[in-house]
Amino acid sequence: MRFGWGARTTSNRLMQLAIITAVGLIAAYSVIYFLEPFSSFTNTLLADGLTVMSSVFSAVSATMIWKIYDKTDAPRRVWGFFAFGLWLWVMGELTWSYGNLTLPDGEVPIGVPDAFWIIAYYFLGQALLSQYQILVRPTQGELTSRVTWSVLFLCASFALIFSVLRWLEVSSSVVDTLVNAFYPAGDLTLALAAIWLTRNFQGGALGRPWIGLLVFAFSDLMYAWLQLSGAYAWSLDQGNLVSGFSDIVYFSAYLVLGIGSLSQWLFLKYGLRSPSKAR
Amino acid sequence: MPVFSTLIPETHNNASPGFVDILIRTQREELFTGLMQLRYPSNESLVFTFVDGTEQNLYRCHENTTELVPRLAWSQTLGHSEAAVGLLKLSLEATRFMRVAYEAPVVRTEQMKLNTQELLGHAGKWVLEPEPGIVHVRTGEVDRIYLFADRSNLILEELSFVDGKVQFSISDSSFGRTLPEAEHQVVRYISNREHAVWREYELRLAFNPLVRMLMKRFSELAGRGLTERLCGHLSAWAREGGWNITISSNGAVNRQYFDTLEAAVNAYTDILRCFQSEVMPAVGPRLVEIMFRETLMKLPPNFRDILSQYIYGQYGLGSAALIAQKGGT
């Protein structure tokens, strides 16, 4: 797929195309969200459809990275877990959108989508752990210690958020509260891991997807906070500025994640080919 | 060391200066690699090293000393009387070996007669000694020369002279096991590690594992595909720079004849600078710095010392600046 261009030109143009498309999609999403140009159902369908599409884009990009690595390559393991986690998120988005379009008022209860989303955290965690192992090459003791601290952090933040939610009586059922408490805790853990990875790669092409994950974790945190505070609007006609901003950031985060992964894929496929300017 | 000149078989006697000129031109045309000796009646001899038909160095050998003749003085040095000419075809590795043998200063000499077991025992001690040495083992009609410089005992280069043919091989201090059970005449020339010829030699030995470990680490981070592309790029880069050095994921195949330490340092530094500039966009400056530092720490101490002194030392240990600074100059 070089269209007769050189490797670097192909890479730059595909990247530019992806960024322009992403900006166009964010603009389209914002127009649909705030101007509501169509009927209520069509607006929701388009907004949900765009979100599913952006999640598919991020999952496809991650799968492409997984595929480009040799079977013996250590990073392939990272991208296998990461891509699988993102495909589970796609399933979560799909089932949530279905519920959002078919249920009265569009309010999706805790259920199937959450199962996909929550299971995905395990695979994303495995991906981060594999990347950590590649970067640091820890001893078994160091690895056990790092995993233990991460799990303890996750459990502690989960317990804390759960207690606060129970105290605030945000949800009527314990299961709802458990699930609602998990997202911020999981996102916070992912965000910290992504910050660590981003810091290590310092702008290197192989670290760009982790910037996307960082953005995603923060956007999901914002979404979780809005949902728990009751400020989240389940349908566009009930929409408000904060809710709209959160949805746009959430939608954009998938695109950032996808572009980060695409950027790594382009680097793996076309990078290091032009003569160096060092001499 | 002048004694090694006796290992060059004479091919032409009483060659006139004009014929010597023709012989030199012939070696150029035939892209000869090896040694050419001119022995004059005054008992002085001159030895040229050739690499791919180009004269690299000229040594004037007296009875006990060898002197490197500056290139500008070559034409005046060549005698105007008849000479006995000897030619010894060598591989590039053997030619580099002989450069060390000719140029290394001799601080002390030890002579002994040892059986194979005793030789093995001595070799185990020589390899650990702080100063490098050249060991000449004569067994019957067979001469073998060894360079004892690598204190990590990973590499012991050997040159065997059998029936006018020379074979270069790499062994370690247990080389004696391959020798026949016999009495060996052994001469050990103890040298000075600080001499530039040893520093260049050790730097060459250290460069290969450094590159191999850097490539292995990059492959872990970025995968085999990108690593192979990087190797191809670095090899092309080295070729364009005029160096016969090929980079692979297994390290550097170094077939370059450096006639000075400075030339070697510049080449290795430039290759590492190129590595850095290619790898940094992939993994970022922080990981590049860690990669260089960790790799250095994993090398045997003698390799670490020489690389620190000539490559890392000038730019600071964590060498993200390694070579960027050099690039700026």
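From a predicted model like this one, the values you see are computed outputs, not experimental measurements. Reminder, nothing fancy here: chain letters follow the sequence lines and each chain counts from 1.
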Interface residue of largest heavy-atom contact number with chain B, from A/Q264, A/R199, A/R208, under 4.5 Å: A/R199
Locate the shortest heavy-atom distance separating [X] from [Y]; write the atom from each residue and the value.
| X | Y | result |
| --- | --- | --- |
| A/Y69 | B/A222 | CE2-O, 3.1 Å |
| A/N200 | B/L287 | O-CG, 3.5 Å |
| A/A74 | B/E220 | CB-O, 4.0 Å |
| B/A282 | A/F201 | O-CD2, 4.4 Å |

CG on A/D73 to CG on B/L221, rounded to 0.5 Å: 11.0 Å
Cationic N near anionic O, under 4.0 Å, B/R224 to A/D70: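 Yes.
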For [X], does the [atom1] atom have more than 12 heavy-atom neighbours from other residues, nucleotides or ligands under 6.0 Å away?
| X | atom1 | value |
| --- | --- | --- |
| B/R286 | CZ | yes |
| A/F153 | CZ | yes |
| A/R77 | CZ | no |
| A/L152 | CG | yes |

Interface residues of residues 126-145 of chain A facing chain B - heavy atom cut-off under 4.5 Å: A/I134, A/L135, A/V136, A/R137
